[in-house]
**Student:** 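I'd like to ask you about the structure that follows.
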Amino acid sequence: MFSNIGWPEMMILLVAALVILGPERLPGAVRWTIDSLRKVRDYASGATAQLKDELGPDFEDLRKPLADLNELRGMTPRSMVTKHLLNGDDSVLRNLEKAVPTKDDLYGTSSGMPDYPMPKLEKPLERNERPPIDSDAT
């Protein structure tokens with residue numbers, strides 16, 4: 001839940017709490033917050049235990065499809081190919097990535113822009129104007 005909050009954010013929250021609540025009410029607010037979080041965690045674990053007791057072996061049957069769904073959520077096309085076609089060995093894909101040229105390799109510049117001039121764009125078609133037909137392409 002709070003996995004993306006780092007130390008700088010925690011310090012900002014602490015300073016904001018100190019300014020808003022003041023030094024005399026801050027320890028009581030921290031104690032209340034910790035007690036509330038413990039109660040919520042105890043309720044959640046109690047609900048899980050109660051559900052497990054009531055469902056018995058069916059709980060594991062319910063849990064397995066959810067675990068499979070969670071595993072599929074993290075799948076990317078690359079990881080699917082690696083897992084199912086290459087038996088977990090992605091060295092083939094890494095070698096393939098090394099063989100594919102980058103933009104710098106293709107164009108020879110660090111900006112990624114080609115050294116040759118770009119073709120001029122033709123004017124857009126007017127209203128009810130028919131596009132030219134390439135007889136060789138049709």
Side-chain angles (χ1 to χ4, degrees):
M1 182 172 169
F2 297 111
S3 63
N4 57 351
I5 294 179
W7 286 108
E9 290 89 357
M10 292 295 280
M11 292 303 294
I12 290 172
L13 289 173
L14 183 64
V15 169
L18 186 61
V19 168
I20 292 171
L21 296 175
E24 61 276 350
R25 288 191 289 176
L26 186 61
V30 169
R31 204 172 309 114
W32 178 83
T33 304
I34 290 173
D35 290 341
S36 299
L37 287 175
R38 282 187 186 144
K39 285 181 185 177
V40 168
R41 186 178 59 206
D42 290 341
Y43 290 147
S45 63
T48 304
Q50 183 181 4
L51 185 65
K52 190 182 278 189
D53 289 341
E54 288 180 7
L55 290 178
D58 293 336
F59 184 73
E60 291 302 321
D61 295 339
L62 177 68
R63 203 169 177 182
K64 185 177 179 347
L66 292 176
D68 292 342
L69 181 64
N70 204 15
E71 180 184 341
L72 284 177
R73 209 179 265 170
M75 282 286 194
T76 62
R78 179 185 179 129
S79 62
M80 288 185 102
V81 167
T82 302
K83 181 179 178 183
H84 296 290
L85 296 180
L86 303 175
N87 294 328
D89 182 25
D90 70 336
S91 62
V92 174
L93 296 176
R94 280 187 272 130
N95 291 337
L96 186 63
E97 283 178 351
K98 290 177 186 174
V100 173
T102 62
K103 287 183 180 181
D104 293 342
D105 295 338
L106 291 175
Y107 298 127
T109 61
S110 61
S111 66
M113 297 299 295
D115 291 337
Y116 54 88
M118 296 299 287
K120 300 217 183 237
L121 298 175
E122 298 179 18
K123 68 175 184 72
L125 296 175
E126 295 294 324
R127 185 177 177 97
N128 295 329
E129 182 181 357
R130 298 187 70 167
I133 296 176
D134 184 5
S135 60
D136 293 335
T138 56

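Worth knowing before you read on, the calculation uses all heavy atoms, side chains too, and leaves out hydrogens, waters and symmetry mates.
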**Student:** Going by side chain to side chain contact (heavy atoms under 4.5 Å, CB included), name the residues that satisfy it together with S91, two or more places apart in sequence or in a different chain.
**Tutor:**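 Here the qualifying residues are D89, R94.
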**Student:** Are L85 and L93 co-members of a hydrophobic cluster defined by side-chain heavy atoms under 4.5 Å apart?
**Tutor:**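 Yes, one cluster joins them.
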**Student:** According to side chain to side chain contact (heavy atoms under 4.5 Å, CB included), who are the partners of V92, at least two apart in sequence or on a separate chain?
**Tutor:**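 Result, side chain to side chain contact (heavy atoms under 4.5 Å, CB included) vs V92: L86.
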**Student:** Would you tabulate the side-chain donor-acceptor contacts of residues 35-44 under 3.5 Å, counting partners in other chains and residues two or more places apart, or write 'none'?
**Tutor:**
unit_1, atom_1, unit_2, atom_2, d
S36, OG, W32, O, 2.9

**Student:** Using the test side chain to side chain contact (heavy atoms under 4.5 Å, CB included), find all partners of L125 that sit at least two apart in sequence or belong to another chain.
**Tutor:**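 Here the qualifying residues are E129, P131.
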**Student:** Does one hydrophobic cluster hold both L26 and L13, with members joined at side-chain heavy-atom distances below 4.5 Å?
**Tutor:**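 No, because L26 and L13 fall into different hydrophobic clusters, even though each may have its own neighbours under 4.5 Å.
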**Student:** Return a table of donor-acceptor pairs under 3.5 angstrom between the side chains of residues 71-80 and protein atoms on other chains or two or more places apart.
**Tutor:**
unit_1, atom_1, unit_2, atom_2, d
E71, OE2, K83, NZ, 2.4
T76, OG1, S79, N, 3.2
T76, OG1, S79, OG, 3.2
R78, NH1, E97, OE2, 2.4
S79, OG, T76, N, 2.8
S79, OG, T76, O, 2.9

**Student:** Could you measure the distance from the CD1 atom of I12 to the CE atom of M10? Nearest 0.5 Å is fine.
**Tutor:**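 Reported to 0.5 Å precision, the distance equals 11.5 Å.
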**Student:** Output all residues satisfying side chain to side chain donor-acceptor pair (under 3.5 Å) with D68, sequence neighbours left out; order by chain, then residue number.
**Tutor:**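 Expected list: K64.
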